[in-house]
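Beneath this line is the structure, given in structure tokens, with notes to follow.
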Amino acid sequence: MRVFYEGVRSDPVIWPMYPADDLEGAIQRLSLFLQQYWGGPGTYSERRGHPRLRMRHNPFRVTPEARDRWLLHMRTAVDSLDLAPLDDATLWAYLDRAAHAMVNALD
């Protein structure tokens, strides 16, 4: 996750959507969410309730440009994991679908 957030930190479009004063919290929340989504412990839901991704992202203007930048930084992070091809494709398919679903503004 840290590779992803390194890219986010340098991105003028999506960085303002992140809590600069709680980046460690953001890293932990995303990590816990992904662990739970892929069958790990339910710690994310225990701490934060149902993920409700669209609702949690609704306060932010998630444009197609923001989505594409998020995907760019996430692609870099996923590539750094050196996953097996099937694992990479499975993870990427989910992340791509999720990113597209978060778009809530078209300009």
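Residue numbers count from 1 along this sequence.
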Is there a side-chain contact between [X] and [Y], using heavy atoms and a 4.5 Å cut-off?
| X | Y | value |
| --- | --- | --- |
| S80 | E6 | no |
| W92 | V78 | yes |
| F4 | L30 | yes |

### Message
Centroid separation under 6.0 Å, is that true for the rings of Y37 and Y44?
### Response
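Ring centres of Y37 and Y44 not closer than 6.0 Å.
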Can we say [X] and [Y] salt-bridge, meaning some charged N sits less than 4.0 Å from an Asp/Glu carboxylate O?
| X | Y | answer |
| --- | --- | --- |
| R2 | E24 | yes |
| D96 | R75 | no |
| R69 | E65 | yes |

### Query
What pairs with Q35 under side-chain hydrogen bond (donor to acceptor under 3.5 Å, both in side chains), at least two apart in sequence or on another chain?
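Partners of Q35 by the side-chain hydrogen bond (donor to acceptor under 3.5 Å, both in side chains) criterion come out as none, since no residue qualifies.
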### Message
Just to verify, what does R48 make a side-chain hydrogen bond (donor to acceptor under 3.5 Å, both in side chains) with, not counting sequence neighbours?
### Response
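For R48 there are no side-chain hydrogen bond (donor to acceptor under 3.5 Å, both in side chains) partners, ignoring immediate neighbours.
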### Query
Can you list the residues that meet the side-chain contact (heavy atoms from CB on, under 4.5 Å) rule with P59, with sequence neighbours excluded?
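P59: no side-chain contact (heavy atoms from CB on, under 4.5 Å) contacts found.
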### Over 12 foreign heavy atoms within 6.0 Å of CZ, R52
yes
Gap between atom [atom2] of [Y] and atom [atom1] of [X] - 0.5 Å precision:
| X | Y | atom1 | atom2 | value |
| --- | --- | --- | --- | --- |
| L71 | T76 | CG | OG1 | 10.5 Å |
| D88 | D79 | CG | CG | 6.5 Å |
| M102 | F60 | CE | CZ | 12.5 Å |
| H73 | R9 | NE2 | CZ | 11.5 Å |

Shortest non-hydrogen contact from [X] to [Y]?
| X | Y | answer |
| --- | --- | --- |
| I14 | A66 | CG2-O, 3.6 Å |
| L95 | M74 | CD1-CG, 3.5 Å |
| P16 | D11 | CD-O, 4.2 Å |
| Y5 | A26 | OH-O, 3.2 Å |
| M1 | S31 | CG-OG, 3.1 Å |
| P19 | R29 | CG-NH2, 3.9 Å |

### Message
As a quick check of understanding, evaluate side chain to side chain contact (heavy atoms under 4.5 Å, CB included) for Q28 and L23, giving each step before the final call.
### Response
CA-CA 9 Å; Q28 182 181 42; L23 193 55; over 6 Å; no
### Query
Given the rule in the side chain to side chain contact (heavy atoms under 4.5 Å, CB included) test, do W38 and L91 qualify, once you have shown the distances and angles that lead to the verdict?
CA-CA 9 Å; W38 294 102; L91 175 59; 3.8 Å; yes
#### Entry: Hydrophobic cluster identity match, I27 and V3, side-chain contacts under 4.5 Å
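No.
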### Query
Are L72 and M17 joined in one hydrophobic group, where the rule is that I, L, V, M, F, W and Y side chains link up if heavy atoms are under 4.5 Å apart?
no
### Message
Using only atom types and a distance under 3.5 Å, with no angle test, would you say the side chain of S45 pairs donor to acceptor with the backbone of G42?
### Response
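Here the side-chain-to-backbone pair does not exist.
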### Query
When you measure from the side chain of R61 to the backbone N and O of N104, does any donor-acceptor pair fall under 3.5 Å?
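No; zero donor-acceptor contacts below 3.5 Å.
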### Message
R47 vs T43, test: side chain to side chain contact (heavy atoms under 4.5 Å, CB included). Steps then yes/no.
### Response
CA-CA 6 Å; R47 292 184 184 173; T43 309; 3.5 Å; yes
